[in-house]
Amino acid sequence: MMISMTGFAARRGAGAGYAWVWDLRSVNGKGLDLRLRVPDWIEGLEAAVRTEVQKVAARGTVSLTLRVTLDDARDAAAFHLNEAVLGAALAAVARVEAAAMAAGVTLRQPTGADVLTLRGVIDVSAQDAETGPLRAALLADLPALLADFAAMRAAEGAALSTILLAQIDRIAGLAAAAGTETASRAGTQRQALREAVSRVLAVTEAVDETRLAQELALLAVKTDVTEELDRLTAHVEAARSHVADPDPVGRKLDFLMQEFMREANTLCSKAQSLALTRIGLDLKTVIDQMREQVQNVE
């Protein structure tokens with residue numbers, strides 16, 4: 001099944017005296033770019049989360065945010081703010097905002113929850129300093145989030161597959177129409193060549209027949225689009241095969257779009273007829289539309 005690089009999933013959970021909210025989303029990208037924002041005071045969490053996300057995403061810009069707060073049922077007396085660290089954190093935030101303002105950059109205002117996730121802002125009593133149970137609870141909750149995320153990317157991929165197959169059929173139809181037009185054009189071309197040769201012979205006393213034959217052969221080669229149509233047909237079959245491939249095929253399809261466009265451009269340059277030129281332009285339009293869709297394929 002084709003997979004889209006566009007996806008979103010969110011999930012709430014609670015355990016080990018905490019509550020949390022996951023937010024996972026992705027957009028297209030040339031490679032896999034993982035951007036994780038998880039509490040750094042939970043030891044070993046980021047590396048574990050990164051490993052799991054990489055199992056469900058091969059390409060795309062993937063952003064995951066995790067916000068962890070104390071559960072209302074937890075004894076908050078065991079926690080207190082480290083005023084010194086909090087002051088330093090707020091001062092650093094102020095400096096960042098001032099620098100951004102000076103550079104003309106607008107930043108999202110940090111929330112209290114953002115500040116509380118910074119290491120050291122909240123002191124934990126000795127009996128609660130171990131974050132292993134929390135990390136285990138979070139990692140146990142993560143698969144459900146990733147399943148929702150993968151399901152949405154698969155649904156988007158199925159929709160993409162339908163669109164791409166329709167566009168491939170359109171390209172195949174235009175290639176067939178080009179073949180029909182080429183066949184009907186052959187007789188017209190031969191007649192035009194005969195008339196041109198007759199005009200040359202009428203005004204020229206001596207003609208090098210060998211040179212004339214060479215020029216006519218060269219002209220025939222320059223206007224022959226058989227190879228271009230054969231390659232278009234081969235590309236159509238390759239594209240259909242890629243769409244049906246369960247493995248990530250975005251890069252393969254992207255390369256194939258370049259090959260499609262190369263043949264369409266050559267077809268237009270060799271057309272030598274208004275009808276064939278129009279077919280070539282229609283081909284370029286469909287290929288360009290298809291290329292935009294391919295940018296979202298994993």
Side-chain angles (χ1 to χ4, degrees), residues 1-10 23-35 53-64 145-181 225 227-269 271 276-298:
M1 180 184 295
M2 178 172 286
I3 302 298
S4 169
M5 283 188 280
T6 302
F8 171 77
D23 184 290
L24 178 59
R25 59 191 67 208
S26 66
V27 295
N28 60 4
K30 291 184 177 181
L32 179 60
D33 180 13
L34 291 183
R35 303 177 182 182
V53 174
Q54 287 175 333
K55 294 178 181 178
V56 299
R59 286 182 69 202
T61 299
V62 182
S63 301
L64 182 146
L145 175 79
L146 297 180
D148 291 343
F149 177 68
M152 180 174 181
R153 282 163 59 102
E156 291 289 323
L160 269 177
S161 176
T162 300
I163 294 172
L164 291 175
L165 286 174
Q167 290 171 331
I168 292 170
D169 288 343
R170 174 64 175 153
I171 292 173
L174 288 170
T180 301
E181 175 58 28
V225 296
E227 290 186 12
E228 287 71 24
L229 295 180
D230 287 344
R231 283 194 288 267
L232 277 173
T233 300
H235 295 339
V236 164
E237 294 307 312
R240 286 176 174 152
S241 176
H242 290 331
V243 171
D245 193 334
D247 294 328
V249 293
R251 288 191 177 92
K252 294 179 181 178
L253 283 171
D254 191 45
F255 173 75
L256 199 56
M257 291 305 98
Q258 299 176 40
E259 297 304 303
F260 268 126
M261 189 60 76
R262 191 192 317 278
E263 305 307 332
N265 284 331
T266 306
L267 181 65
C268 287
S269 67
L276 198 54
T277 298
R278 286 175 176 170
I279 293 173
L281 292 176
D282 287 343
L283 268 171
K284 293 176 66 173
T285 299
V286 178
I287 293 167
D288 197 50
Q289 293 169 347
M290 187 175 173
R291 181 164 51 190
E292 291 182 5
Q293 298 296 335
V294 165
Q295 300 306 309
N296 292 316
V297 178
E298 184 179 66

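Count residues from 1 along the sequence.
To the nearest 0.5 angstrom, I287 atom CD1 is 11.0 Å from I168 atom CD1. Taking CG of L267 as the start and CD1 of I279 as the end, the distance is 7.5 Å to the nearest 0.5 Å. Here the CD atom belonging to E259 is positioned 11.0 Å from the CG atom belonging to D254, to the nearest 0.5 angstrom. Distance NE2/H235 to CE/M261: 12.0 Å, rounded to 0.5 Å. For the atom pair S26 OG and N296 CG, the distance stands at 10.0 Å (nearest 0.5 Å). Interatomic distance, D245 CG to L253 CG, rounded to the nearest 0.5 Å: 9.5 Å.
In this structure the side chain of E237 reaches within 4.5 angstrom of the side chain of R240, judged on heavy atoms. Between R170 and M290, every side-chain heavy-atom pair lies at or beyond the 4.5 Å cut-off. Residues P248 and I3 have side chains not in contact (no heavy-atom distance under 4.5 Å, counting atoms from C-beta outward). Taking 4.5 Å as the limit, every side-chain heavy atom of T266 sits out of range of all side-chain heavy atoms of E227. Here the side chains of V62 and L32 are in contact, with some heavy-atom distance below 4.5 Å. You'll find the side chain of I171 reaches within 4.5 Å of the side chain of L283, heavy atoms only. Using a 4.5 Å heavy-atom threshold, the side chains of L256 and V294 count as separate.
Closest of all the heavy-atom pairs between F149 and A9 is N-CB, 3.6 Å. Nearest approach of M2 to V243, heavy atoms of both residues: CE-CA, 3.7 Å. Nearest heavy-atom pair across E156 and S4 is CB-CB, 3.4 Å. In this structure, K284 and A264 approach most closely via the heavy-atom pair CG-CB, 3.6 Å.
Taking a cutoff of 4.0 Å between a charged side-chain nitrogen and a carboxylate oxygen, R291 and D288 qualify as a salt bridge. Classification of E228 and R231 as a salt-bridged pair holds, one side-chain N sitting under 4.0 Å from a carboxylate O.
The local environment of CZ in R278 is sparse, with at most 12 non-hydrogen atoms from other residues, nucleotides or ligands closer than 6.0 Å. Environment of CZ in F8: crowded, with over 12 heavy atoms of neighbouring residues, nucleotides or ligands closer than 6.0 Å. Counting non-hydrogen atoms of neighbouring residues, nucleotides and ligands closer than 6.0 angstrom, the CD atom of Q54 exceeds 12 such neighbours.
When atom types are taken as modelled, the side chain of R251 and the backbone of K30 share a donor-acceptor pair closer than 3.5 angstrom. Judged by distance alone, with hydrogens and angles left aside, the side-chain atoms of Q295 form no donor-acceptor pair with the main-chain N or O of N28 at under 3.5 Å. Checking side-chain atoms of R59 against main-chain N and O of V297 turns up a donor-acceptor pair under 3.5 Å.
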Full working for side-chain contact (heavy atoms from CB on, under 4.5 Å) between L146 and L24: CA-CA 8 Å; L146 297 180; L24 178 59; 3.7 Å; yes

